[in-house]
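Working notes for the structure below.
First the proteins, then the strands, lettered A, B, ... as listed; each starts at 1.
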Amino acid sequence: MMDLLNILLSESFWAASLRIATPLIFGVLGALICERSGVLNLGIEGIFVVGAMCGWMTVWLGSGLWGGVLVAACAGALFGLLHAILTVPLGLSQHVSGLGITLFATSVSYFTYRTALPNVSSPPRIEPFQALDIPVLSDLPFLGPVLFQQTALTWLALLMVLLVWYVLQRTALGVAIKAVGDNPDSVDAQGLSVYGLRIGAIVAGSALMALGGAFLTMSAFDAFFFGMVNGRGWVCIALVIFASWRPGKALFGALLFGAFDALQVRLQTEMGALVPGQIFLMAPYILSIIALVIAARSADYPRALLTPWFKGQR
Amino acid sequence: MAENTVLKLSGLSKRFGSVVANDDVSLTLVKGEVLALLGENGAGKTTLMNMLFGHYLPDAGTVEVADANGVLHALPLGHPQAALAAGIGMVHQHFALAENINALDNITLGSEPLRSLKRNRAAARAKIDGIIERSGLKAPLDVPVGQLSVGERQRVEILKALYRDARILVLDEPTAVLTPQEADTLFSNIRSMITDGLSVIFISHKLREVLEFSDRIAVLRHGRKVGEMATTDADEAKIARMMVGADTPKVARQEMSPGAPVLSLKNVSVSGRSQRETLDNVSLTVNANEILGVAGISGNGQAGLAQLIAGLVQPSSGTIAVDDEDIPKPTPSRMVQAGVGRIPEDRHHEGIVGAMSVAENMVIERLDDPDIQSLGLLRREAIADNAVKLAQAYDVRGPGVDASARLLSGGNIQKLILARVFERAPRLILANQPTRGLDMGAAATVGRRLLEARARGAGIVLISEDLDEILGLADRIAVIRDGHLTEAPTNNREQIGLMMAGAAA
Ligand SMILES: Nc1ncnc2c1ncn2[C@@H]1O[C@H](COP(=O)(O)OP(=O)(O)OP(=O)(O)O)[C@@H](O)[C@H]1O
Ligand SMILES: [Mg+2]
């Protein structure tokens, strides 16, 4: 018991939670934007892989870190555009298209990686983002190590939470996105383009998802491995429901998951002798499912989610 | 005269597959006039207006709209944006509102540039307040539209159009979901806006309000314009003949002596989420061969009564029995088995599955019937044959029985539901606002079918706001108010009206 308390009070635990949560924050925000406009994007898992691969490879080929981030976002946007074309004007099944994008994006990434590096056994490393050591602030007790020694990408993620919240809550664009996800006819009748809004939302959301992937290869680790995304995309899809499609709650959900995961690692080292490690690996997922069951009952789904809309039809 | 024309539709045609929804329709609208557009269900009224507003692209024809100086310009077709810019506002038959945002956001949606980082809500609110003041259309601006009543949503829709400075207002069945009082207020508001230079086209099936409020009447039949007249030259019979092409027979009701009780509620209370769903200590009996009319202003517990009889809610106290058999825990399937047939109020959402075909919708309540299914497999041919037969018998018109049910016009959806319910020969029929939005012919058909079911031995609960309908069909009348049910005389219109308003309890 004492151990648990020690862990929960330690700076390193919370710093790790935030670090683990960062890719999820990007991913949940991206999925949230897509779904607010009425389109589920199950391409997220593959778009994570694309972001991870493109970001890393751009830097490995000699670009700066931010160049890698930009390329990752653009690559994600491109796959988002593909999903958008298939599901919005063509109105195909969002599930099928999304899963297809995930398979396609994942294999394209692996293929590109293998083609560029046919004969390496250990993946080449890059110089990743370093912790932003902000003078004075990072010397604060507790808060200093938790907040002010994260990398720039974590800060970008937190900034994005604010940005997405502001856009949805305070701008005409945000109102239009919420409206198109609730009743596309309302938007069409006011002379706005349903297709335009949805495609735009999916492209922007997918770019954010790719940043989540880029964080993995450019900040959390310093190289690209096969299978490194490891279901993070799917976790984000669940977290959006947990968050009831709200950016603030999305941040909370991602942190909660991050904390579960950080706790799991620590408990594993402390109690690994007693309980098989796999139990701890499962724990964050089981806890998320429980949290989801509790939260999903009161979640208010965007009413038009999953329903395609066609111009000139009832 | 000619320079006063604000809108000119010429030769508009539209077909959907094999259905000719509009065929060479031409129409003009003069400044400051109220034009009523009439026609049977499926005649093509909504389609015509949707082409005017740019939702549908016409196959042929042109639209010209006058600018502020009265000069006619051709309107680019197929773009709601262009119609809005030309000063056309449209209130849709099915509200086009986003329910997760408030009225203010719904009204300003699309009028602000999407790129700007800040909104000027204060200016928008001031403009809307000004419009509310001038037009008398009051609606709460700050709660999500999902929480507003239908009357309020209707007003938000009109405010949307006025906010865009509409000079031509199209109202597609604006009063179909309003109480008579709300409808009267709406029309007096519209009158006052006419003096501000607005011109109005409205679609309605209620001849009383057409005769009272319009200046001119245009009639569509099977997609063609079959006539036009000044309202002063019109009367109900004349309009009806033009709409249908023949005289509509009056519904004749024979006296009958009631049989054994089919439904009895004893001291039933339902604690609903809102007043419309709440019942307070209600007792009633409906006998075989009898129609019980439940009159009342909507929102007084009708929804609760309907949900109770459909098995959608559990009574918090009291007992409910069908055919003298107590039903302790009513569920929808239990009630269907007990012989309840249901004609729901919201036919689009609770009456049909829009994405399924007309044929499938017709058998959806009898999937355990061996004629329809054997060993868990649907018998496609039997289902199709059944659909063709029923579509014929109940005059369900539209793109065919294999098309999605949502493609039918509102009136034809109701006929589909009638066909499904009556074919099962239910013991008890719950008919909630069964003729809302129906043309005269279809409304007469509903009345005739209800009387046929009554003659066959069914008991019927007819919930309606239309007192004429209740007085014409019901054997007994009860008034519902604040969740209480009170028996009323069957011949005293004034007294029932007073009871509905709560003046004489
Ligand atoms: N998008 C569509 N696809 C296929 N058929 C359609 C479509 N829209 C309308 N129709 C058909 O066109 C015909 C005219 O429909 P419309 O909705 O214009 O009738 P309406 O006069 O408004 O009837 P109501 O009084 O019932 O509202 C109907 O047969 C309808 O089924
Ligand atoms: Mg219509």
[options]: which one forms the most heavy-atom pairs within less than 4.5 Å of chain A?
{"options": "A161(B), A98(B), G89(B)", "value": "A98(B)"}
{"options": "E112(B), Q81(B), H55(B), E99(B)", "value": "E99(B)"}
{"options": "L109(B), D105(B), L407(B)", "value": "L109(B)"}

**Request:** Check R119(B) against T171(A) and note the closest heavy-atom contact, atom names and distance.
**Result:**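 Shortest heavy-atom contact: CD-C, 3.5 Å.
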**Asked** Can you name the closest pair of heavy atoms from P80(B) and K311(A) and give their distance?
**Response**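 Result for this residue pair: CD-NZ, 3.7 Å.
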**Message:** Set out, in order, the CA-CA distance, both residues' side-chain angles and the distance that settles side chain to side chain donor-acceptor pair (under 3.5 Å) for D185(A) and H92(B), then state yes or no.
**Reply:** CA-CA 10 Å; D185(A) 289 333; H92(B) 297 80; over 6 Å; no
**Message:** If I measure from the heavy atoms of chain B, does V180(A) come under 4.5 Å with its side chain, its backbone, both, or neither?
**Reply:**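 Looking at V180(A), nothing touches chain B.
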Which portion of [X] sits near chain A, non-hydrogen atoms under 4.5 angstrom:
{"X": "F95(B)", "result": "backbone"}
{"X": "I107(B)", "result": "backbone"}
{"X": "I101(B)", "result": "side chain"}
{"X": "L84(B)", "result": "side chain"}

So, [X] side chain and [Y] main chain: donor-acceptor pair closer than 3.5 Å or not?
{"X": "Q190(A)", "Y": "T108(B)", "value": "no"}
{"X": "Y166(A)", "Y": "L117(B)", "value": "yes"}
{"X": "N100(B)", "Y": "D182(A)", "value": "no"}

**Message:** Could you check whether atom OH of Y195(A) has more than 12 heavy atoms from other residues, nucleotides or ligands sitting under 6.0 Å from it?
**Reply:**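 Check passes, neighbour count above 12.
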**Message:** Can you confirm whether more than 12 heavy atoms, excluding those of F252(A), are under 6.0 Å from its CZ atom?
**Reply:**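 No, not enclosed.
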**Request:** Mind checking the CZ-CZ spacing from R170(A) to R121(B)? Nearest 0.5 Å is all I need.
**Result:**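 Atom-to-atom, R170(A):CZ and R121(B):CZ are 6.5 Å apart.
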